[in-house]
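First the structure, in the form of structure tokens, and then the observations on it.
If you read the sequence from its start, that first residue is 1, and numbering goes on from there.
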Amino acid sequence: CNAGIYANERVLVADGLEATLAVNHVGHVLLTELLHERLLASAPARVIVVSSVAHTRGRIHLDDLSLAGAYTGYAAYAQSKLANLMHALDLAAAHDPTVLAAYALHPGVISTKLLRDGFAGMRGAGVSQGAATIVKLATAETIAEPSGTYCNEGVPTPPSASAKDPAVRAALRAATLAFAGLPVEA
């Protein structure tokens, strides 16, 4: 799960959802849900979610997920990256890790179009360096870190406390499933 945008201006997509959250998070959850049965049938399966260290500055605005009240590009991006991490933690909590393991990561500050467009003037490392943890998690025969681990530039790192809030995660998951047009779990 590695689609991502950074939008300096608030743009709405279907159902009034803000585009950054739609692309960076809701799309990942939809893809994972559409592939869920195939993933389970392919055990052991892995889902790798590209989050960001920006998750530590994010807040899930349950009362205003589209940030109509106080939009900034960074607030939208940080919220989406916190939501990414929560998605990986939800997957890890919901599945036996021998069947489906989930990991989230911050690849580092990488020289991509997102960095150039969203963070003008910043310089980053090369794409191959940014892909290193993704490739390791995707291809390693075994992974020492348990399902649900968040890695910052390849180093297992505790996620922010807000990422672990079960009530916010459950409410975000319900809202995300609804935005994705999927049944909300009871």
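- Residues P44 and T98 fail the side-chain proximity criterion, which asks for heavy atoms closer than 4.5 Å.
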inquiry  = Quick one, S51 with H106, criterion side-chain contact (heavy atoms from CB on, under 4.5 Å). Give me CA distance, side-chain angles, the key distance, then yes/no.
reply    = CA-CA 5 Å; S51 179; H106 168 63; over 6 Å; no
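- Annotation for A88 and A102: closest pair O-CB, 3.5 Å, computed over non-hydrogen atoms.
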inquiry  = Between T157 and N152, does the side-chain hydrogen bond (donor to acceptor under 3.5 Å, both in side chains) criterion hold? Intermediate values first, please.
reply    = CA-CA 6 Å; T157 305; N152 184 343; 4.9 Å; no
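- The backbone N or O of V26 lies less than 3.5 Å from no partner atom in the side chain of T176, so there is not a single donor-acceptor pair.
- Here NE2 of H87 is found 5.0 Å from SG of C1. Values are rounded to the nearest 0.5 Å.
- The CG atom of L91 lies 12.0 Å from the NE2 atom of H28; values are rounded to the nearest 0.5 Å.
- Pairing each heavy atom of E18 with each of A76, the nearest pair is OE1-CB, 3.9 Å.
- Within the model, atoms OG1 of T56 and CG of L82 stand 9.0 Å from one another, a figure rounded to the nearest 0.5 Å.
- More than 12 heavy-atom neighbours from other residues, nucleotides or ligands sit within 6.0 angstrom of CZ on R10.
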key: Pair V50-N84, side-chain contact (heavy atoms from CB on, under 4.5 Å): steps then yes or no   = CA-CA 7 Å; V50 178; N84 288 156; over 6 Å; no
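- In the hydrophobic cluster analysis, where Ile, Leu, Val, Met, Phe, Trp and Tyr join through side-chain heavy atoms closer than 4.5 angstrom, V29 is grouped apart from L35.
- For H95, the ring-ring contact (aromatic ring centres under 6.0 Å, His included) partners are H36, not counting sequence neighbours.
- Through side-chain heavy atoms spaced under 4.5 Å, either directly or across other Ile, Leu, Val, Met, Phe, Trp or Tyr residues, L67 is tied to Y71.
- Contact annotation: the side chain of P156 approaches that of E145 to within less than 4.5 Å [non-hydrogen atoms, C-beta and beyond].
- Follow the hydrophobic side-chain contacts under 4.5 Å out from V99 and you reach L39 in the same cluster.
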ask   = Going through the distances and angles, do L17 and L12 end up as a side-chain contact (heavy atoms from CB on, under 4.5 Å)?
value = CA-CA 5 Å; L17 181 61; L12 300 180; over 6 Å; no
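- Contact check for L21 versus Q79: side-chain heavy atoms found under the 4.5 Å cut-off.
- Considering only heavy atoms from C-beta on, I5 comes within 4.5 Å of N24 through its side chain.
- L100 and Y103 are not part of a single hydrophobic cluster, where members link through side-chain heavy atoms under 4.5 Å apart.
- Put simply, the side chain of V49 does not reach to within 4.5 Å of the side chain of L85, judged on heavy atoms.
- Atom CG of residue L30 and atom CG of residue L177 lie 9.5 Å apart, to the nearest 0.5 angstrom.
- Taking the six-membered ring where tryptophan is involved, the planes of Y6 and Y77 are tilted, since the angle between them lies from 30° to 60°.
- Side chains of M86 and I60 form a contact here, defined as non-hydrogen atoms less than 4.5 Å apart.
- In this structure, H55 and S160 have side chains that are in contact, with non-hydrogen atoms separated by less than 4.5 Å.
- The nearest pair of heavy atoms linking T149 to P146 is OG1-O, 2.6 Å.
- The minimum heavy-atom distance between L89 and K164, with the atom names listed, is CD1-CG, 4.4 Å.
- A salt bridge between D90 and R169 is present, with a side-chain N of the basic residue lying under 4.0 Å from a carboxylate O of the acidic one.
- Looking at every heavy atom in both residues, G58 comes nearest to S162 through O-OG, 4.3 Å.
- Under a hydrophobic clustering in which Ile, Leu, Val, Met, Phe, Trp and Tyr are joined whenever their side-chain heavy atoms come within less than 4.5 Å, directly or via other members, L172 and V184 fall into different clusters.
- Across A7 and T20, no two heavy atoms sit closer than the pair CB-OG1, 3.8 Å.
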